Novice: 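The structure that follows is given in the form of structure tokens.
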Amino acid sequence: HNGITRPKGYTVSYHANPAVEAHHFGSSHPMKPWRLVLTKELVLAYGMHHAMDLYLSRAATFEEMAEFHTEDYLEFLRQVIPADMEAAEQSDRIASYNIGDDCPIFDGLFNYCSLYAGGTVDAARKLVNNQADIAINWSGGLHHAKKTEASGFCYVNDIVLGILQLLRFHPRVMYIDIDVHHGDGVEQAFWSTDRVLTVSFHKYDKDNFFPGTGALDSNGPSHPLNPGSRHAINVPLNDGIEDGDYLQLFKAVISSCVETYNPGAIVLQCGADSLGCDRLGCFNLNVTGHGACVAYTKTLGLPMLVVGGGGYTPRNVSRAWAHETSILIDAADKIDPNIPDTVTFRNQFAPDYSLFPPLSEMRKIENKNSKQYLNNLVATIREQLRYMQG
Ligand code: TV1
Ligand code: CA
Ligand code: ZN
């Protein structure tokens, strides 16, 4: 099978459940769980499954999800049905849990949430139990969900649940988020602890880009007695950032964070809406540039929980996550950039049938990030890290 073998010296676990892919948010909704079908097709066609331990994700239990979410909110998710959207007696609850256009009620909603959350919890436990060094759940990464409400296509925050598992063993966990949106739910969940350092790279425009949080100077509670003080790092970006600048920035920020914070494990959210040509995004990254951040994070040599996230042009999401799987199993150089004939739905990858189409040239968005702006980000963040150390 293309000569893809297990990576030398470490173990990768891959957590998935085909039942997640079958859920529909609605025909016009940009979140398409179907992108996971395409990802799976590529991973299998390239023979990458031979290099990993494969696990069928189980549904997270109510109790596991209640480690972060309230029982009231989970009970609501468990019992709500699409017809309740029209029922007047449910309208207060639906509004209070932020159900609506972004976060609709669809058939099987609770099943969907518990399966993607179960994948991330399982993946975290593999790391904690020393049964894996890198654990992947592409169906997870739903970083906006709050303790008692849905937000931005996210209902249950699987990342928070995964980090809580890692914290049972590791004194300090670092969270990195390369989705084009701010990882606000994860940041907020750990806002008041020094045991998690959250780092999000995102498009920032307070009034015109969701969720409007994640400014450079938003670093956690400033009260000196609060242990979470300064343990949130935000990297706010403008439209059109390209591979070279992004990778340079990513390395500069992440290396400084790791040096200062010395985490025992890393959680990497790989939202693919930071790619060029994304239906909702506004960056200019190529599959190679996005993947280079994953490759760099891997070189840190720490236990790594890797999750998906956003990504609204399904063919490109699957290209990125398949490429990143190959990086994580140390087989990127064994992958044919021409997508194999054996891939079902191969027509999705027309006309180039390449794993690496030039996304940054196909829908060129003007780069509004000057070198001066990016240099200032790095300098300011290094200053913030000095304060964090105390
Ligand atoms: C239904 C149908 C919902 C079409 C939502 C884009 C739609 C969006 C839709 C959409 C859309 C958002 C907001 C406005 C909050 C709203 C998985 C009141 C064409 C992790 C979530 C983005 C990103 C939410 C999630 C955002 C993630 N953008 N068409 N909705 N205000 N919501 O701006 O980080 O990728 O767009
Ligand atoms: Ca982000
Ligand atoms: Zn996003």
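Order of listing sets the numbers, starting from 1, for every ligand and every atom in it. From a predicted model like this one, the values you see are computed outputs, not experimental measurements.
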Novice: Which ligand 1 atoms are under 4.0 Å away from a heavy-atom of Leu142?
Specialist: 17 (C)
Novice: Under a plain distance cut-off of 3.5 Å, with no hydrogens placed, do Asn219 and Gln384 share a side-chain donor-acceptor pair?
Specialist: yes
Novice: Hey, is there an N, O or S on Gln269 sitting under 3.0 Å from the Ca ion (ligand 2)?
Specialist: no
Novice: Among the N/O/S atoms of His181, select the one at the shortest distance from the Zn ion (ligand 3) and name it.
Specialist: ND1
Novice: For Arg279 and ligand 1, does the shortest N/O to N/O distance drop below 3.5 Å?
Specialist: no
Novice: Check step by step if ring pair (Phe, Tyr, Trp, His ring centres under 6.0 Å) holds for Phe190 and Tyr175.
Specialist: CA-CA 10 Å; Phe190 299 110; Tyr175 172 66; 8.5 Å; no
Novice: Quick one: which ligand 1 atoms are inside 4.0 Å of a heavy atom on Tyr312?
Specialist: 17 (C), 20 (C), 23 (C), 25 (C), 27 (C), 35 (O)
Novice: Taking atom 23 (C) of ligand 1 as the point of reference, which of Gln269, Met31, His181 owns the nearest heavy atom?
Specialist: His181
Novice: Using the ring of each side chain (for Trp, its six-membered ring), is His144 parallel, tilted or perpendicular to His181, with breaks at 30° and 60°?
Specialist: perpendicular
Novice: For residues Arg125 and Gln165, is any side-chain donor paired with an opposing acceptor at under 3.5 Å?
Specialist: yes
Novice: May I ask you to identify, for Phe25, whether its side chain, its backbone, both or neither come under 4.0 Å of ligand 1 on a heavy-atom basis?
Specialist: neither
Novice: May I ask you to check whether Phe201 and Phe283 place their ring centres under 6.0 Å from each other?
Specialist: no
Novice: Can you tell me which N/O/S atom of Asp179 has the shortest distance to the Ca ion (ligand 2)?
Specialist: O
Novice: Is there a protein heavy atom less than 4.0 Å away from atom 31 (N) of ligand 1?
Specialist: no
Novice: For the Ca ion (ligand 2), what is the closest N, O or S atom on His181?
Specialist: O
Novice: Measure the distance from atom 5 (C) of ligand 1 to every protein heavy atom, then report the residue, atom name and distance (to 0.1 Å) of the closest one.
Specialist: Asp102 OD1, 3.2 Å
Novice: Distance only, no hydrogens: is a donor on one side chain within 3.5 Å (strictly under) of an acceptor on the other, for Gln131 and Asp53?
Specialist: no
Novice: Considering the heavy atoms of Asp273, write down every atom of ligand 1 situated less than 4.0 Å from one of them.
Specialist: 35 (O)
Novice: With the Zn ion (ligand 3) as the point of reference, which N/O/S atom of Asp273 is the closest?
Specialist: OD2
Novice: Considering residues, nucleotides and ligands other than Gln79, do more than 12 of their heavy atoms fall under 6.0 Å from its CD?
Specialist: yes
Novice: Can Arg363 and Asp278 be counted as an ion pair, charged N to O under 4.0 angstrom?
Specialist: no
Novice: Any side-chain donor-acceptor pair under 3.5 Å between Ser57 and Asp122?
Specialist: no
Novice: When the ring planes of Trp321 and Trp138 are compared, do they come out parallel, tilted or perpendicular, using 30° and 60° as the limits?
Specialist: parallel
Novice: Which residue supplies the protein heavy atom nearest to atom 4 (C) of ligand 1, what is that atom called, and how far is it?
Specialist: Ser28 O, 3.2 Å
Novice: Can you label the angle between the Phe25 ring and the Phe106 ring as parallel, tilted or perpendicular, going by 30° and 60°?
Specialist: tilted
Novice: So which N/O/S atom does Asp177 have closest to the Ca ion (ligand 2)?
Specialist: OD1
Novice: What protein heavy atom lies closest to atom 22 (C) of ligand 1? Include the residue and the distance to one decimal.
Specialist: Phe210 CD2, 3.6 Å
Novice: Is the shortest distance from atom 13 (C) of ligand 1 to a protein heavy atom below 4.0 Å?
Specialist: yes
Novice: Select one of side chain, backbone, both or neither to describe which atoms of His143 lie under 4.0 Å from any atom of ligand 1, heavy atoms only.
Specialist: side chain
Novice: With backbone taken as N, CA, C and O and side chain as the heavy atoms from C-beta onward, which portion of Pro30 lies under 4.0 Å from ligand 1: side chain, backbone, both, or neither?
Specialist: side chain
Novice: Restricting to N, O or S atoms of Asp179, which is nearest to the Zn ion (ligand 3)?
Specialist: OD1
Novice: Heavy atoms of the protein only: does one fall short of 4.0 Å from atom 18 (C) of ligand 1?
Specialist: no
Novice: Below 3.0 Å, can you find an N, O or S atom of His182 next to the Ca ion (ligand 2)?
Specialist: no
Novice: What about the rings of Phe356 and His323, do their centers lie closer together than 6.0 Å?
Specialist: yes
Novice: For the residue pair His182 and Asn234, confirm or rule out a side-chain donor-acceptor distance under 3.5 Å.
Specialist: yes
Novice: Can a side-chain donor-acceptor contact be found between Glu41 and Thr344 if the only test is distance below 3.5 angstrom?
Specialist: yes
Novice: Heavy atoms only, cut-off 4.0 Å: how does Leu280 contact ligand 1, side chain, backbone, both, or neither?
Specialist: side chain
Novice: Are the charged groups of Lys298 and Glu324 less than 4.0 angstrom apart, N to O?
Specialist: no
Novice: Assess Phe201: does it contribute an N, O or S atom lying under 3.0 Å from the Ca ion (ligand 2)?
Specialist: yes
Novice: Closest non-hydrogen protein atom to atom 3 (C) of ligand 1, residue and atom name please, with distance?
Specialist: Asp101 O, 3.3 Å
